[in-house]
Structure formats: structure tokens, C-alpha cells
Amino acid sequence: MIDTEASARAALHEHGVLIVEQGGRGGVADYTAQLAAGLASRGVPVTIATADDHLYPAVPGVRAVGVFAYVRGHSQLAQRVRRAGLGPVANGLRFLASLPALLALSRRHAVTHVQGWEAPSLGLIATLLLRAVSSTLVYTAHNTFERRGARLDSARVLPALSRQTIVHTESDRDRVSRPPAVIPHGHYRAVAECAPALDADQARRALGLPTGRPIVLLFGVLRPDKGLNDLLDAAAGIPAWDVLIAGEDHGGLAPAAGRLSAAELAGRVTVLEGFHPIDHVGRLFAAADLVALPYRRASQSGVLHLAYGFARPVAAYPVGGLTEAVIPGVTGWICREPTPDALADVLREAGAAGRGKLRRLGEEGRRWAEQAFDWDRIAELTEMVYLRALLSGAAPTNERDDGPPPAAAARPPRPPGSPRGPGG
């Protein structure tokens, strides 16, 4: 029986944690890889239940198991399925077929830590089944809002079905259904260091971009709420700036079609649609002078941490937890309001500052992020959440990590790699 912290710790270190991360690539996978490495360094065995075509690197103490199968469009049959609009149906059915394997894995671990679900309604089914087999559930709400107008409010329902919940920012504390542990998103210097080192001119030549003009980058999954139209509107009136847009299109490009073809932006916008492995990601950030985060809604941002990892300053809207991860004038800019006009003012100021000043801001952002968002401290706090989940009756803490202790700050970041393919 687990009734003391010592017995909970013994169970955790003997049986380990199962981290459920469906996609096997991209932002949540990057986060999971870093967290898993940090937990393993503390003696907690980690198994990651993920996609069967995952891109996780090999790390001592961490085992990635392919559980979820996807129709990604790589084969001719998969392409026909996706063109017919049946991709979500096919992936949903394959997800349901994966649940027996997921439940079997969960039974063998002390804690099951879910990194969100791609489809909340299917995630609810999985959560109920995991509870039915007596899994000790911890849920991380990477975002506390629904992007697709879903009827299920996962930020309310899924925490209520879990023993402990983690959010990344103070702004998310009241958006979940029970008191969470606030544990910040960790820095991504180790992820950035997996990419080949390039200077800005090398990267721009490789991408076919001009070497003498400032470039602002919008990177990541291209959704309507990522502010692509706002960035284009802001840049339209500032001829000095070029715009680089890169990421998988999830409905963000179609609403921007008119702006992308606008005469004011002719020859100044480059769109690289698709998933980018880490060597391509490094090229994109090396080419950029500034990274834009004009998000209409946000909890936190892995792209922000990638920007710091690649030593690039950011320009962010004052929404959600973004304000907790930017020091204005030190690591970048927080726009005065979430509007294209405010973003345009930041572009003017950044352009006037010049490349040298922007590089210094980027270096300071990387230095600060390593201290404020240290993975050793994050792994320690996460292990504490697991222990509370095993003890069941203990209330979650209401504290957040305000920075690492001196010993943690002195340690170099551990380089577990990046689940983004070549170079990772």
C-alpha cells in the first residue's frame, strides 16, 4: 500500500512513469523528450507511448514505444484517404484500436502522465478506460482552450478525471477544473543545438532569401489563431521587413490568401508549408532577425522557447502566459495590445535597433531561459506531482518554479536531442 512519500517514491522508481504523447514529432514531442530525459536522470524509468513512426532519439533510461498509428499521407493510399477528407476518421479509428495496447502499458507503470489528447472526445474515452484499469493519472494541459470549437471543454473535464494536473503558466491556473501545479515550460537550447550551426547569411542563401534585409519569422503549426493575418497586415506598411512563414498548414493559410497576394507585400513574403525536421528548423531561425508570436490566444509557446534556444528575440502579443516568458527590452517585445498596429510599432522599433542589437537581445533571451526554465528543476517538480498523485489524498501545490536553485543553474543543459528527424 502506498501511504507514505517513501513508499510512493519506491514505487515510482521501481515501476516508472508512462508518458502518453500521441504525435511523436513536433512541439509536444520536443517537450516530452526533454522532460523524459530530466526524469530519467533522477532515476525515474520512463516509457513514452507515442506514434509508431515517432522521431524520438535514444536516451538512457527512456524507452519510446510505438502505440498510435497515423494516416499521414506518405503512401498513395493514405494520400487518397486524406484527399477524400477521411483522414480524421481513419486516424480516429486507429486511435481506438490502439487503446488495448495503451491500457496494457499503463498497468505496468506507477504513474501515467498524459500530455494532452489530439481529439478531446477520443481522449475522454481513453481517460475513462485508463481510470477503469486503476491507472494513476496525471494530466498536463499544454493549452487551456479548445481551438476547434469542440463541445467538450477538456480543460475542465480531463483534470477532473485525473489525480493531478499540471499547467505551465499562472494565467492558466484558474482555467482548469481543479487546483493545478504550475510548472513552467522548459528551455529548448538542447533542441536548438541538435541543428547544424549556420550564420544568418548561410541560412538565407540556402533558403533563397535576401541577405541584406531584416526578416521576421512566424513558425509552427499554421492555425487561424496564430495571427498570420496580423503579421501580414503589420508588415504591409513597413517595406523594410521581409516575412518568413514556415509550418504545417492547419487552416491558417486559406484565410490569409488575399493578404499573401497583396501588392504591398509583393516579393517580401516566403511561405514554406509542411513539417520541418530540426536541421530545417535551425536554418529558419538562423535566417530570422525576430520571431513573431501574434497569437490571439495562448497558454504558453514552444516556439518562444525555440526562439530563445536559437538566440533570437521575440515579438509577442500580450495574451495568456506569453507575458510571463518575455522580459520587454531584454529578451524581446510585448506588444502594447494584440493588434496589427501594435505589432507594426514593434517591427519599426526592432528595425531601428539593427541586427547587432537584435542579436544581443537573442543571446540574453537564451541565457535567461536556461536559468528561469531549467529542466532539472522542472523534472524535480514533476516528480513531486507524481508522488502526490500516488499518495492520492495530498492536495496539489499552488506554487510555480520562479527559477532554479544555484546548483541547477550551474549545470549545463542535458542534450537528449529532438524528435524532429535528421539532426535530432
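The basis for the numbers below is simple: all heavy atoms, side chains too, and nothing from hydrogens, waters or symmetry mates. None of the values given here were measured: they were computed from a predicted structure.
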Measure across [X] and [Y] and return the closest heavy-atom pair with its distance rounded to 0.1 Å.
X	Y	result
L306	F219	CD1-CE2, 3.8 Å
H185	G302	NE2-CA, 4.0 Å
A311	E363	CB-OE2, 3.8 Å
A316	L322	CB-CD1, 4.2 Å

Item to complete: Output, in order, the C-alpha distance, side-chain angles, deciding distance and verdict of side-chain hydrogen bond (donor to acceptor under 3.5 Å, both in side chains) for T140 and H113.
Response: CA-CA 7 Å; T140 290; H113 184 180; 2.6 Å; yes
Fill in: Ring centers of Y31, H168 separated by less than 6.0 Å
yes
Worksheet item: Any chance the rings of Y317 and W333 have centres within less than 6.0 Å?
Response: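 Ring centroids of Y317 and W333 are no less than 6.0 Å from each other.
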Give a yes or no on whether the backbone of [Y] and the side-chain of [X] come within a donor-acceptor separation of less than 3.5 Å.
X	Y	answer
Y188	A307	no
S261	A257	yes
R312	A288	yes
T382	I378	yes
N143	F145	no

Item to complete: Please assess T165 against S162 for the test side-chain hydrogen bond (donor to acceptor under 3.5 Å, both in side chains), listing each intermediate value before the final yes or no.
Response: CA-CA 7 Å; T165 299; S162 304; 5.2 Å; no
Practice prompt. Report the distance from atom CG of L217 to atom CD1 of I245, rounding to the nearest 0.5 Å.
Written response: 9.5 Å
Fill in: Criterion side-chain hydrogen bond (donor to acceptor under 3.5 Å, both in side chains) on E364 and Y308, from CA distance to verdict
CA-CA 8 Å; E364 182 60 23; Y308 287 162; over 6 Å; no
Discussion item. If only side-chain N and O atoms count, and only distance matters, is there a donor-acceptor pair under 3.5 Å linking T127 with W117?
Written reply: yes
Worksheet item: Hey, are H109 and T47 close enough side-chain-wise for a donor-acceptor pair under 3.5 Å?
Response: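 Per modelled atom types, T47 and H109 side chains form a pair under 3.5 Å.
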